[in-house]
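Scroll down for the structure; my scribbles are underneath it.
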2 protein chains.
Amino acid sequence: MKPSTSIQDYLKRIYELTENGSPASTNDLARELNIKPASVTGMIQKLASEKPALLEYQKHQGVTLTSAGKKAALEVIRHHRLLETWLVQTLGYSWDEVHEEAERLEHVISEDFERRIAAALGHPLRDPHGELIPTADLKMPLDDSTPLSALRKNQSGKILSIKGADADLLRHLDGLGLTPNTMIEVTDYSPFDHNLSIKVNKKNIVLGLSITSKIFIEES
Amino acid sequence: MKPSTSIQDYLKRIYELTENGSPASTNDLARELNIKPASVTGMIQKLASEKPALLEYQKHQGVTLTSAGKKAALEVIRHHRLLETWLVQTLGYSWDEVHEEAERLEHVISEDFERRIAAALGHPLRDPHGELIPTADLKMPLDDSTPLSALRKNQSGKILSIKGADADLLRHLDGLGLTPNTMIEVTDYSPFDHNLSIKVNKKNIVLGLSITSKIFIEES
DNA sequence: TATAAAATTTAGTCTTGCCTAAATTATTTT
DNA sequence: AAAATAATTTAGGCAAGACTAAATTTTATA
Ligand SMILES: [Mn+2]
Ligand SMILES: [Mn+2]
Ligand SMILES: [Mn+2]
Ligand SMILES: [Mn+2]
C-alpha cells in the first residue's frame with residue numbers, strides 16, 4: 001500500500017535529516033514538519049512497528065530509515081524533483097517558486113505520470129536547484145560535490161546545487177548570479193567569521209557561512 | 001478556507017447531478033462517490049449548515065448547491081478540465097487515460113498553476129472530452145448541444161462532447177471514430193429500442209440509447 | 001388504503017493524524 | 001554528583017470522514 005501524504009512527508013524529512021549518517025531526532029523532525037514533538041513520537045512509533053518496518057527506532061535515540069523506508073522516501077523525492085524540473089521547464093516557474101507546488105503534487109501523481117515527465121524531460125539528473133534526482137529504480141546517484149564553505153583561497157569550481165528550499169535565500173542568490181552551473185573562484189577566506197570572498201561573473205562578493213554552507217561545488 | 005478534497009468531490013458530483021435542474025438524492029450521490037448513503041447524509045447535513053451554506057438541503061428531498069457551493073464546485077471542475085486538457089497536450093495522455101490523474105491533481109494545484117496552464121493552453125473552451133471549461137471568473141459557458149439520442153433520420157451535426165468518464169466507453173467510441181469534432185449523420189431511427197443508425201467517416205453503425213444519450217451534438 | 005419495498009436518516013464506532021498537559025529520561029551546569 | 005535544563009514520551013482528547021446496524025420516512029404495489 002502507498003503511504004499516506006503525512007507518512008510520505010515524514011519519510012522524506014527523515015531521509016534528508018539522516019543524510020549525514022546520524023539518526024534524526026524527534027525535535028528536529030518536529031521542527032522540519034511543523035508538527036509538535038509529541039505527535040512525532042506517536043507517528044515514528046507507528047512507522048517503526050509496521051509489518052515491514054519503515055523506521056529503525058530506539059526510545060530517545062532518534063530514527064533511521066530501513067531499506068523499505070528509504071525506498072518509499074526516494075520515491076517521493078524523485079516525484080518532487082522531477083516535478084520541480086517539469087514545472088520550471090514547461091510552465092515557466094522560477095526556481096524559487098516551484099517548491100511549494102511540488103510539495104503538494106508529489107503525493108498524488110501516478111507512476112505513469114512520473115514516467116511521462118521523466119521521458120519528456122530526457123531523464124534529467126538534477127532538479128532546478130541542482131539536487132540529484134533519484135533514478136527510476138530508486139537509487140540516489142553518488143554526490144561528489146563539496147560545500148562552498150570548505151573551499152579556500154584560489155580554489156575554484158562550478159556550482160552544482162543549492163540545498164534547502166528557502167525561497168527568500170534562493171531569490172537572493174539569484175540576484176547575486178549564484179545559480180547552478182555558474183563558475184566561481186574563492187579569492188579570500190576570513191577566519192573566525194568564516195566569510196569567503198568569491199569572484200562570480202567578474203564581480204567580487206563576500207558570503208557568510210550560513211550561505212556558503214548551502215552552496216555545493218564541483219571543484220576544478 | 002479551501003474545502004477539503006472530500007468536500008470538493010461532493011460538490012463536484014452534486015453539480016453534475018443537479019445540472020438537469022432537479023436535486024441530487026442521497027443514494028445517487030452515494031453511488032457516484034462510492035460512499036455509503038449513511039455517510040453521505042452526514043456530510044450533506046454538515047455542508048448545509050456551514051456558515052455560508054454550501055448546500056440547500058431538506059430531509060428526504062435531496063440537495064442543491066447554493067451560490068457559494070456552485071462557485072466552489074466550478075473551481076474544482078475548472079481545475080479538472082484544464083488539467084485533462086494539459087495532460088493530453090503536453091504529456092501525450094489519450095483521452096481515456098486522463099480522467100483519474102486529473103481527479104487527484106484537481107485538489108492540490110494552486111491558483112497560480114491554474115493560471116499558468118490556462119495561459120499555456122491558450123485559454124481553451126473545452127476539455128479533451130469536449131466538455132465546457134468554466135471561465136476564470138467561474139461561470140459555466142452556455143451549452144447549446146443536443147444529445148445524439150434526440151436526433152432523428154436525416155439530422156446531422158458535429159460531435160461536441162462525450163459525457164461521463166467511463167474509460168471503457170471512451171476507448172470503444174475512439175475505435176468507432178466517435179470523437180469530438182467528428183461529423184455524423186443519422187440515417188435511421190428504430191422506435192422501441194431507440195437505436196440510431198448513423199454515418200461516421202463514410203461508415204454506417206448502429207448505436208443504442210446508453211451510448212447515444214452520452215454523445216452531444218451541435219446540429220447543422 | 002394497507003403492505004411491501006426502497007430510500008433516507010439516526011446512532012454508535014473506527015481510523016488517521018494532529019493537539020495539550022503532564023511525566024519521564026537524558027544532558028548540561030554548577 | 002546533584003540540580004537544572006532540554007528532549008522525549010505518555011496519557012487523554014479532538015476533528016474529519018468513513019462504516020454498520022437499526023430506525024424511520026417515503027414511494028410503490030396490491
Ligand atoms: Mn514514483
Ligand atoms: Mn509534501
Ligand atoms: Mn477528485
Ligand atoms: Mn482555481
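Keep in mind that the numbers below use all heavy atoms, side chains included, and drop hydrogens, waters and symmetry copies. To find a chain, count down the sequence lines: A is the first, B the second, and so on, and within it residues start at 1.
Ionic pairing of R13(B) and E16(B) is present here: one or more N-O contacts between side-chain nitrogen and carboxylate oxygen are shorter than 4.0 angstrom. Residues E101(A) and R116(B) are not paired through a salt bridge, judged by the lack of any N-O separation under 4.0 Å between the basic side chain and the carboxylate. Between R171(A) and D168(A) a salt bridge is recorded (basic side-chain N to carboxylate O distance below 4.0 Å).
For M43(A), counting side-chain heavy atoms from C-beta on, the closest listed nucleotide (dG17(D), dC18(C), dT8(C)) is dC18(C). With dG17(C), dT26(D), dT25(C) as the candidates, the nucleotide lying closest to the side chain of H60(A) is dT25(C). In this structure, of dT20(C), dC19(C), dA7(C), it is dC19(C) that holds the atom nearest to the side chain of I35(A). For S4(B), the listed nucleotide lying nearest its side chain is dG17(D); candidates were dT20(D), dT8(D), dG17(D). In the set dA18(D), dC18(C), dT20(C), dT20(C) carries the atom at the smallest distance from any side-chain atom of K36(A). Comparing dT20(D), dA7(C), dT10(D) against the side chain of N27(B) picks out dA7(C) as the nearest.
Backbone-only engagement by S6(A) is indicated by non-hydrogen atom pairs under 4.0 Å involving sugar-phosphate atoms exclusively. Counting non-hydrogen atoms under 4.0 angstrom, S39(A) reaches a base of the nucleic acid. If you check every strand for non-hydrogen atoms under 4.0 Å, T26(B) touches sugar and phosphate atoms only.
Residue Q45(A) places at least one side-chain N or O under 4.0 Å from the OP1 or OP2 atom of dT10(D). Look at Y10(A) and you won't find any side-chain N or O under 4.0 angstrom from OP1 or OP2 of dT16(C). When the side-chain nitrogen and oxygen atoms of Y57(A) are compared with OP1 and OP2 of dT8(D), none of them lie within a distance under 4.0 Å.
When rounded to the nearest whole Å, the span between CD1 of I44(B) and C1' of dG17(D) equals 14 Å. The CG-C1' distance, from D28(B) to dA6(C), rounds to 13 Å in whole Å. Here the P atom of nucleotide dT25(C) and the CD atom of Q58(A) are 16 Å apart, to the nearest Å. K59(A) places its NZ atom 10 Å from the P atom of dA26(C), with the value rounded to the nearest Å. Atom-to-atom, CG of L33(B) to P of dT8(C) comes out at 14 Å; the value is rounded to the nearest Å. The CZ atom of R31(A) sits 16 Å away from the P atom of dA6(D) (whole-angstrom rounding). As rounded to whole Å, 10 Å separates atom P of dT8(D) from atom CG of L29(A). If you measure from atom CG of N34(A) to atom C1' of dC19(C), you get 14 Å, rounded to the nearest angstrom.
Along DNA chain C, the nucleotide closest to A38(A) and the one closest to Q61(A) are compared, and the more 5′ of them pairs with A38(A).
Separation of the F113(B) and W86(B) ring centroids falls under the 6.0 Å cut-off.
I14(A) and T18(A) get closest at one heavy-atom pair: O-OG1, 2.7 Å.
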Let me see the working for E103(B) and K12(B) under salt bridge (charged side-chain N to carboxylate O under 4.0 Å, His left out), right down to the final yes or no. CA-CA 11 Å; E103(B) 193 67 39; K12(B) 189 170 58 156; 2.6 Å; yes

